[in-house]
Amino acid sequence: MQTEKLIDWLAEDLAVKPPRASRRLLIWLPVAALATGIIFLGLVGIRTDLTSTGAMPTLVKTGLGLVVAIAALMGTRTLLRPEASIARGLAALAAVLLPLSLLLAVDLATWGQEGFLSRMLGKSIISCLTVIPLLAAMPLVTSLMALRAGATSHPASAGALAGLASAGLAIVAYGLYCTEDSTSFVAAWYSLAAVIVAVVGSLAGHLWLRW
Amino acid sequence: MRQALDGDVGAYKTLLGAVAPHLRGVVRPLLMRSGRGLADLEDIVQETLLAVHLKRATWDPSFPFLPWLNAVARYKAIDALRKSGFRVEVDIDTMSEALAAPDERRDSTLDSARILNALDAKQRKLVEQIIMVGRSSADVGAELGMSEGAVRVALHRSLKRLGKMFGKSRHAD
């Protein structure tokens, strides 16, 4: 086929507006996360001491989740553009390391090194590592669907960031339920749960985000 | 591109007409460096034009157009080479310096008959009459009893079909 003909064909198609990946992402990721979160909290209930002893730890957890989600979402949006470099996309992650190290520092400063391991290991690792990824599943799927309308040059990284954004929002919901309040527990296992979702996202991105 | 995104068909044709030789200039050195012939050049150029079209919403008008265009070309060219079993490392700087060399053939290896064959009856008629023959879409639509919107949708679907064919034709080679 002649290239001239193809150009005519494309011009003929100009009126069909292409989907906007960025808008899709910003709408459907939060919608999916909110729906999942409401169902989850409807089933297991918000922790009962939310307004008393649980207030501060819950604030820490939901805050951490929001920081992760917003930073990763901004990175994902950047990577939707084909010319965006991988470094620009992943730069968002730097914003996550600060609150994480702060959590560990707070733990050590408050309680000292003694008993650090038992505080960190806590009693609900399994629940944390399974429930957070489960809560992140639907948001991850919807964000990958939105990302397919984009044109990333880095499918795996874009998928990983979408996974982190989904995990961040999942952490907000889980943080309202989980009563494991040691900040070192949160820093260690919430992060690992998020990393698990990011790895799944990166594999899915590698497969689905080619264009 | 800005005018084109506002729906100015004339501006869009002019733009794509200028983009095509630029893409040849970008893709040609890639093909040569990978040590394979230029037989696929126009296929990759056309596939990239199609990608430019389908992904035009990912260009943010507050950023310059050329880096976006080169990134699309780079992605499509590498994808094409990778699919056919070549490993390439591309330095984007040397790419953007590539000159638009004199033109050789402007036909892809995917010939019109093969494209038309892959479409269903209605799509085939539309593409044949509107694109290949160059009749107006309103006329052809009226002839087939299709609304303007239906014609648009059918042409759009056939474009997507074409996109899939580009990938497959290379696999068969």
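No experiment lies behind these values; they were computed from the predicted model shown. Here is how names work: the chains are called A, B, and so on, in the same order as the sequence lines, proteins then strands, and each is numbered from 1.
Listed here is the closest heavy atom pair of A:Val16 and B:Arg56: O-NH2, 2.9 Å. Of all heavy-atom pairs between B:Tyr12 and A:Leu10, the closest is CE2-O, 3.8 Å. Contact record, A:Gly150 with B:Lys55: O-NZ, 2.7 Å, taken as the closest heavy-atom pair. When all heavy atoms of A:Glu83 and B:Pro67 are compared, the pair lying nearest together is CB-O, 3.6 Å. Between B:Leu159 and A:Asp13 the shortest heavy-atom distance is CD1-OD2, 3.4 Å. Across every non-hydrogen atom of A:Trp9 and B:Leu155, the tightest pair is NE1-O, 3.6 Å.
Without hydrogens or angle criteria, B:Gln46 side chain to A:Ile7 main chain gives no donor-acceptor distance under 3.5 Å.
Between the CD atom in A:Glu12 and the OG atom in B:Ser137 there is a gap of 4.5 Å [rounded to 0.5 Å]. Atoms CG and CG, on B:Leu162 and A:Leu6 in that order, are 6.5 Å from each other to the nearest 0.5 Å.
At a 4.5 Å heavy-atom cutoff, the contact between B:Val127 and chain A is made by side-chain atoms alone. Interface remark: B:Leu50 contributes backbone and side-chain atoms alike to the contact with chain A (heavy atom separation under 4.5 Å). Interface remark: A:Ser22 contributes no atoms to any contact with chain B (heavy atom separation under 4.5 Å). Interface remark: A:Ala21 contributes no atoms to any contact with chain B (heavy atom separation under 4.5 Å). Looking at A:Ala149, the atoms closer than 4.5 Å to chain B (heavy atoms on both sides) all sit in the backbone: N, CA, C or O. Using a 4.5 Å cut-off between heavy atoms, B:Leu49 touches chain A through backbone and side chain atoms alike.
For CZ of A:Arg47, the number of neighbouring non-hydrogen atoms (other residues, nucleotides, ligands) closer than 6.0 Å is greater than 12. Within 6.0 Å of atom CD in B:Glu143, more than 12 heavy atoms from other residues, nucleotides or ligands are found, so the atom counts as buried in its surroundings. Counted within 6.0 Å of CZ on B:Arg135, heavy atoms from surrounding residues, nucleotides or ligands total more than 12; the atom is thus considered enclosed. For CD1 of A:Ile126, the number of neighbouring non-hydrogen atoms (other residues, nucleotides, ligands) closer than 6.0 Å is 12 at most. Annotation: B:Arg124, atom CZ; neighbour count of heavy atoms from other residues, nucleotides and ligands within 6.0 Å is above 12.
At least one side-chain heavy atom of A:Met1 sits less than 4.5 Å from a side-chain heavy atom of B:Met132. The shortest distance between side-chain heavy atoms of B:Thr58 and A:Trp211 does not fall below 4.5 Å. A heavy-atom distance below 4.5 Å is found between the side chains of B:Tyr75 and A:Arg210. With a 4.5 Å cut-off on side-chain heavy atoms, B:Trp59 and A:Pro82 do not count as touching.
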Could you please spell out the steps behind the salt bridge (charged side-chain N to carboxylate O under 4.0 Å, His left out) verdict for B:Lys13 and A:Asp8?
CA-CA 7 Å; B:Lys13 277 194 188 180; A:Asp8 290 345; 3.4 Å; yes
Using the side chain to side chain contact (heavy atoms under 4.5 Å, CB included) rule, take B:Arg152 and A:Leu14 through it: C-alpha gap first, then chi angles, then the decisive distance, then the call.
CA-CA 9 Å; B:Arg152 217 174 266 168; A:Leu14 186 63; over 6 Å; no
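Of the listed residues (B:Gly17, B:Ala20, B:Ala51, B:Ser158), the one with the most heavy-atom contacts under 4.5 Å to chain A is B:Ser158.
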